[in-house]
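What's counted below: heavy atoms across the whole structure, side chains too, no hydrogens, waters or symmetry copies.
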Amino acid sequence: MSEADNIAAARAKMIAKRFGGAATTSTGGKGSVRRKKKVANRSNSAQSDQKLTSTLKKLGATNIPGIEEVNFFKEDGKVTQFKNPKVQASVHANTYIIQGPNETKALTDCMPGIISQLGMNDINALQSMAGGMANQGIPEGDEEEDDDDVPDLVEGNFEEAAEK
């Protein structure tokens with residue numbers, strides 16, 4: 001057995017000398033498979049941006065310069081606002097692309113600047129919201145305390161009523 005132990009030790013020494021350590025755990029070095037190219041891992045957002053860009057090129061979308069603000073009016077009374085967006089259009093595909101930072105606000109928060117952009121449905125919704133707010137603002141049972149209202153008309157001679 002000592003001869004077998006000597007042979008095993010000699011083999012281990014030869015493998016260590018030839019391959020630089022244990023043959024099962026070595027990666028790279030002499031005798032390993034060579035990589036053809038370096039694989040670059042890209043993030044999902046970079047991949048989706050590249051896919052979007054290639055799709056827009058296929059559509060033939062062109063940039064529309066000079067747009068300062070874009071507003072989307074939703075049915076629930078909210079507005080999505082884009083400030084200084086990048087707008088692209090493909091007229092033959094009936095497609096408009098709007099990119100940029102956006103905010104979702106209530107319609108009443110954007111009110112003074114967007115009245116000219118409202119359609120009939122939006123104006124009707126705004127009127128109904130204003131009517132609801134007016135009904136909420138008037139408390140019931142306080143009619144007698146309002147001294148600023150016009151007094152009730154008195155039948156008969158007004159001069160006599162004024163002297164009383």
Side-chain angles (χ1 to χ4, degrees), residues 12 15-153:
I15 289 173
K17 179 182 175 186
R18 188 168 190 192
F19 296 109
T24 58
T25 60
S26 66
T27 57
K30 193 171 185 179
S32 66
V33 179
R34 183 176 177 193
R35 256 189 190 175
K36 304 287 189 225
K37 63 178 181 176
K38 184 178 179 182
V39 178
N41 292 332
R42 290 187 288 181
S43 66
N44 288 337
S45 64
Q47 287 176 343
S48 64
D49 286 347
Q50 186 177 12
K51 287 180 183 179
L52 177 65
T53 304
S54 65
T55 304
L56 293 177
K57 284 182 183 177
K58 288 178 188 176
L59 285 174
T62 57
N63 287 335
I64 302 175
I67 296 179
E68 296 176 3
E69 182 180 63
V70 175
N71 294 320
F72 283 115
F73 298 97
K74 298 181 182 180
E75 291 181 3
D76 61 353
K78 299 199 179 216
V79 179
T80 302
Q81 275 190 333
F82 291 84
K83 297 280 185 178
N84 296 322
K86 178 181 177 186
V87 179
Q88 296 175 319
S90 175
V91 178
H92 69 277
N94 195 20
T95 304
Y96 295 89
I97 300 98
I98 300 167
Q99 298 173 331
N102 60 36
E103 295 179 5
T104 301
K105 299 179 180 179
L107 183 61
T108 54
D109 294 343
C110 309
M111 206 51 230
I114 62 171
I115 291 178
S116 62
Q117 301 171 9
L118 295 176
M120 288 304 295
N121 293 337
D122 296 322
I123 291 175
N124 291 337
L126 186 63
Q127 287 175 346
S128 65
M129 286 173 38
M133 287 180 171
N135 289 339
Q136 291 175 356
I138 299 174
E140 294 182 18
D142 292 340
E143 295 176 9
E144 296 176 5
E145 297 176 9
D146 291 336
D147 292 333
D148 296 336
D149 291 341
V150 176
D152 295 332
L153 291 178

Identify, with sequence neighbours excluded, every residue that meets side chain to side chain contact (heavy atoms under 4.5 Å, CB included) alongside Y96.
A89, N94
Please identify each residue that fulfils salt bridge (charged side-chain N to carboxylate O under 4.0 Å, His left out) with K105, with sequence neighbours left out.
E103
Could you work out, with side chain to side chain contact (heavy atoms under 4.5 Å, CB included) as the rule, every residue matching A12, not counting sequence neighbours?
none
Indicate yes or no: at least one non-hydrogen side-chain atom of E68 is less than 4.5 angstrom from one of N84.
yes
Quick one: side-chain hydrogen bond (donor to acceptor under 3.5 Å, both in side chains) partners of K83, sequence neighbours excluded?
E69
Cut-off 3.5 Å, no hydrogens considered: what does the side-chain donor-acceptor table look like for residues 53-67, sequence neighbours left out?
unit_1	atom_1	unit_2	atom_2	d
T53	OG1	D49	O	2.8
S54	OG	Q50	O	3.3
S54	OG	K51	O	2.8
T55	OG1	K51	O	2.8
N63	OD1	Q88	NE2	3.0

Within the 4.5 Å heavy-atom criterion, are I98 and F72 side-chain neighbours or not?
yes
